[in-house]
Engineer: 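One structure is given below, represented as structure tokens, and several questions about it will come after.
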Amino acid sequence: MSSSFIFSQSKISIEGLVYDMFDDPVPYSSIGISKKNIGASATEDGSFSFFVSKKELMDTLKVSSIGYETYKINVQDFLKLKEKKIVLKDKITKLKEISIQSSKSIVKNALKKLKTNTLSSKHALGMLYRRWSVEDKICRFFIEQYIDVVDRGPSSSIYGFKIRHNRTSSDYRFVKNLQNKHSLQYMEWNNPLRKGISLGAYKWKKIKDTNYDDDDIVVIKGSKKNGNFITLYIGLNAAKIYRLDMFKTHKEGTSMDAIYVYKNNNEKKLYLSYHKREYTFQVKTPEHIKRIMTQTGKKPKPFVPVAYRHEVFVLNLDNNSKTTKSKGDEYNQRDMTLYKLDYDQHFWNNLSLPPETKFYQKNREELEGLFDVPIETQFKYSNSN
């Protein structure tokens with residue numbers, strides 16, 4: 001599969017907001033064209049954006065979210081709306097305790113059916129991968145890549161990937177910590193669905209009932225005594241896992257929290273739609289930083305608190321196995337900043353970028369606030385072309 005981004009000149013923009021009846025945003029909703037692999041996930045703020053062609057004008061736009069009734073509207077009718085705001089109605093679900101199995105049994109069944117319920121054949125994802133490098137709780141560097149990822153779903157492993165486009169901010173880091181692999185690999189390795197969940201290691205408890213796209217959902221949290229947890233949103237009809245939230249600590253000063261959101265393709269198979277995580281740790285203070293602190297009258301710190309913040313959007317899906325194959329970048333693993341590509345401003349100007357999330361805005365504002373330089377200016381002067 002060649003790079004599958006969509007140019008705005010030949011496409012029609014579908015953008016709007018998803019709210020509930022109390023005028024609050026509904027995060028991570030699935031918005032798409034029924035029976036086609038076209039659409040997007042709403043951000044945590046309920047905003048969404050993607051492109052369609054004239055062929056989809058008479059199709060149905062479908063909006064689904066956990067806890068709400070599915071909303072449908074003709075694409076052409078949606079475009080005629082003055083206010084592109086979709087209001088979802090609550091759908092109250094109260095499952096009878098006698099009608100469901102134990103929480104642990106539900107999780108076990110969902111994991112057993114993971115391969116059946118997900119898109120486990122080889123498929124290609126057009127992925128927008130963002131990573132922010134944080135020092136002393138301030139964002140100091142940003143890298144953004146568009147990647148073709150050949151995947152086989154959470155029951156297996158990523159088959160391969162090819163970085164198509166790359167851009168970075170100015171580099172204001174003091175500690176240039178490099179990962180041994182591309183961050184995409186860490187996204188895969190940290191996903192409990194891919195690694196395998198040890199059922200006996202957690203205490204499982206149902207925390208609420210809800211629904212998603214006409215499927216009754218039970219939300220089950222697995223907890224450990226050390227505070228680590230995994231929360232699964234599981235559909236009871238087919239035992240599908242629609243979402244996973246997690247938090248874990250490794251050692252003192254090291255922790256990670258993450259979200260993995262999955263959506264149905266046109267064949268009702270789940271695939272990754274959105275991911276967010278933050279990994280915090282600490283590194284030894286470099287000697288030159290210690291010297292600077294001493295010269296300015298400050299007491300040198302033995303360690304610097306650092307973090308990586310990640311946000312991933314899957315913008316395109318190609319599930320034609322005949323056109324998907326590994327691209328080769330996976331054979332030369334290194335930190336994602338070490339992949340050098342020319343900056344193609346035309347590509348980024350015409351890519352169907354998702355709306356800015358609060359998570360994105362927070363990082364951008366921290367980065368721009370260091371020297372009052374807008375991110376677009378940093379892109380312009382910090383990348384080769």
Side-chain angles (χ1 to χ4, degrees), residues 15 17 25 27 42-47 49 128-146 165-179 183 186-187 253-259 274-286 288-313 335-339 341 343-345 347-349 351 353-385:
E15 55 185 56
L17 298 166
T43 67
E44 60 192 40
D45 318 312
S47 56
S49 146
L128 181 69
Y129 200 111
R130 294 166 167 169
R131 190 186 80 184
W132 294 268
S133 297
V134 180
E135 296 174 4
D136 276 332
K137 300 182 179 180
I138 298 294
C139 178
R140 293 185 174 274
F141 181 67
F142 172 53
I143 181 169
E144 185 172 36
Q145 293 178 338
Y146 184 91
H165 293 273
N166 181 91
R167 62 179 178 178
T168 68
S169 71
S170 299
D171 194 343
Y172 301 127
R173 293 174 294 176
F174 295 118
V175 182
K176 296 187 178 181
N177 187 65
L178 298 178
Q179 295 181 309
S183 292
Y186 290 102
M187 180 188 80
T254 303
S255 65
M256 186 188 69
D257 63 273
I259 297 172
Y274 177 77
H275 168 64
K276 180 176 72 172
R277 78 180 184 275
E278 181 167 357
Y279 176 62
T280 60
F281 56 108
Q282 55 186 10
V283 297
K284 288 185 178 181
T285 306
H288 71 283
I289 300 299
K290 289 182 179 180
R291 289 195 295 270
I292 292 172
M293 295 181 73
T294 301
Q295 291 168 4
T296 56
K298 297 178 181 179
K299 184 179 179 180
K301 299 178 181 179
F303 295 95
V304 178
V306 295
Y308 284 130
R309 298 170 183 165
H310 308 257
E311 188 169 46
V312 176
F313 289 89
D335 186 89
M336 64 188 296
T337 61
L338 299 180
Y339 292 85
L341 287 84
Y343 177 48
D344 187 345
Q345 188 170 349
F347 170 85
W348 293 105
N349 288 345
L351 181 66
L353 288 169
E356 291 186 1
T357 62
K358 288 181 180 178
F359 186 67
Y360 180 92
Q361 292 171 359
K362 167 184 167 64
N363 289 297
R364 175 174 53 77
E365 289 167 3
E366 288 178 1
L367 187 61
E368 292 178 339
L370 291 171
F371 294 98
D372 198 27
V373 181
I375 191 65
E376 291 299 330
T377 303
Q378 296 186 37
F379 287 151
K380 183 177 180 180
Y381 292 104
S382 299
N383 296 273
S384 61
N385 51 43

Engineer: Looking only at non-hydrogen atoms, find the nearest pair between C139 and L370 and report the distance.
Structural biologist: O-CD1, 3.5 Å

Engineer: One pair to check against side chain to side chain contact (heavy atoms under 4.5 Å, CB included): I375 and S169. What are the steps and the verdict?
Structural biologist: CA-CA 7 Å; I375 191 65; S169 71; 3.7 Å; yes

Engineer: Of all the heavy-atom pairs spanning A307 and T280, show the shortest one and how long it is.
Structural biologist: CB-CG2, 3.8 Å

Engineer: Between T337 and D335, do the side chains contain an N or O donor and an N or O acceptor separated by less than 3.5 Å?
Structural biologist: yes

Engineer: Would you mind checking if K276 and E311 are paired as a salt bridge, meaning a charged N to carboxylate O distance below 4.0 Å?
Structural biologist: no

Engineer: Using ring pair (Phe, Tyr, Trp, His ring centres under 6.0 Å) as the criterion, point out the one residue from F313, W348, F347 that pairs with Y146.
Structural biologist: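 By the ring pair (Phe, Tyr, Trp, His ring centres under 6.0 Å) criterion, Y146 pairs with just one of F313, W348, F347: F347.
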
Engineer: Would you check if there is a donor-acceptor pair between the side chains of H165 and R167 at a distance under 3.5 Å?
Structural biologist: no

Engineer: Which heavy atom of R309 sits nearest a heavy atom of K137, and at what distance?
Structural biologist: NH2-O, 4.0 Å

Engineer: Quick check: do L353 and E144 have side-chain heavy atoms less than 4.5 Å from each other?
Structural biologist: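 Side chain of L353 against side chain of E144, heavy atoms only: contact under 4.5 Å found.
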
Engineer: Check whether any side-chain heavy atom of Y186 sits under 4.5 Å from a side-chain heavy atom of H310, and report yes or no.
Structural biologist: no

Engineer: Measuring from K358:NZ to S47:OG, what's the distance to the nearest 0.5 Å?
Structural biologist: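 Between K358 NZ and S47 OG, I get 10.0 Å after rounding to 0.5 Å.
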
Engineer: Do you know which two heavy atoms are closest between V312 and M187, and how far apart they sit?
Structural biologist: CG2-SD, 3.9 Å

Engineer: Start with the C-alpha distance between S183 and Y308, add both sets of side-chain angles, then the distance that settles side chain to side chain contact (heavy atoms under 4.5 Å, CB included), and finish with yes or no.
Structural biologist: CA-CA 10 Å; S183 292; Y308 284 130; 6.0 Å; no

Engineer: Could you check if a side-chain atom of D136 sits within less than 4.5 angstrom of a side-chain atom of P305, using non-hydrogen atoms only?
Structural biologist: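 Sidechains of P305 and D136: in contact.
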
Engineer: Go through the steps to decide whether Q378 and Y172 satisfy the test side chain to side chain contact (heavy atoms under 4.5 Å, CB included), and finish with yes or no.
Structural biologist: CA-CA 11 Å; Q378 296 186 37; Y172 301 127; 3.9 Å; yes

Engineer: Please report the shortest heavy-atom distance between S133 and R173, naming the atom on each side.
Structural biologist: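 For S133 versus R173, the nearest heavy atoms are CB-CD, 3.7 Å.
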
Engineer: Hey, does the side chain of N166 reach the backbone of Q145 with a donor-acceptor pair shorter than 3.5 angstrom?
Structural biologist: no

Engineer: Can you give me the closest heavy-atom contact between Y279 and M256, atom names plus distance?
Structural biologist: CD1-CB, 4.0 Å

Engineer: For the residue pair F142 and F379, categorise the inter-ring angle as parallel (less than 30°), tilted (30 to 60°) or perpendicular (more than 60°).
Structural biologist: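 Correct class here is tilted.
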
Engineer: Would you indicate whether the side-chain heavy atoms of P374 and E368 approach each other to under 4.5 Å?
Structural biologist: yes

Engineer: Taking E366 first and then K362, would you say they form a salt bridge - that is, a charged N and a carboxylate O separated by under 4.0 Å?
Structural biologist: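 Answer for the salt bridge query: yes.
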
Engineer: Take E135 and F141 through the side chain to side chain contact (heavy atoms under 4.5 Å, CB included) test and state the conclusion after the steps.
Structural biologist: CA-CA 9 Å; E135 296 174 4; F141 181 67; over 6 Å; no

Engineer: So P354 and L128, do their side chains get closer than 4.5 Å, heavy atoms only?
Structural biologist: yes

